[in-house]
Amino acid sequence: MKARHALAASAAALWLLAGAARAAVEVSEPWARATMPGQKVAGVYMLLKADRASRLVGVRSRAAAAAEVHEMSHAGGVMKMRKVEALDLPANRMVKLEPGGFHVMLFDIARPLKPGERVALILIVEQGGKRVEVPVDAEVRPLLPED
Ligand SMILES: [Cu+2]
């Protein structure tokens, strides 16, 4: 038991020395929608689960000139999108980024996203007053006509 405590203490010390907080956000099933020729924007979707109250406050990607968190909503039969400055990630609750809801929007993509390729993103998450970066590797999936 004592040895285990010592181990935990040294792990904590290393963590402090490194100065890089480990993000307590679990990312699952990240995917990006394949784009059509000439299309300059792309949507990226995933499931997020934080083990403590956190907020998704930004995204960046080398694949695009800019990336934002967006929310899609229906207003009088019209689909609208707006930028979300901070998306709450409540502790231990799954937050879905999915078509028709929250998503990451890539702007001015460098080249078309083809099925089977991968897109790397960095999520910027605020956690206990600190900003941590969460890497995401999203698989590009085919565009489906119905969505
Ligand atoms: Cu959008």
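Remember, it's 1-based here, ligands and their atoms both numbered in the order they're listed.
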Does [X] come within less than 4.0 Å of [Y], counting only side-chain N to carboxylate O?
X	Y	result
Arg111	Glu117	yes
Glu133	Arg60	yes
Glu126	Arg131	yes

Distance filter under 2.8 Å, centred on the Cu ion (ligand 1) - protein N, O or S atoms that pass it
His70 ND1, Met81 SD, His103 NE2, Met105 SD
Taking all non-hydrogen atoms of both residues, which atom of Val125 and which atom of Val25 are closest, and how far apart?
CG1-CG2, 3.9 Å
Between the CG atom in Leu89 and the CZ atom in Arg55, the distance rounded to the nearest 0.5 Å is 10.0 Å
According to ring pair (Phe, Tyr, Trp, His ring centres under 6.0 Å), who are the partners of Phe102, at least two apart in sequence or on a separate chain?
none
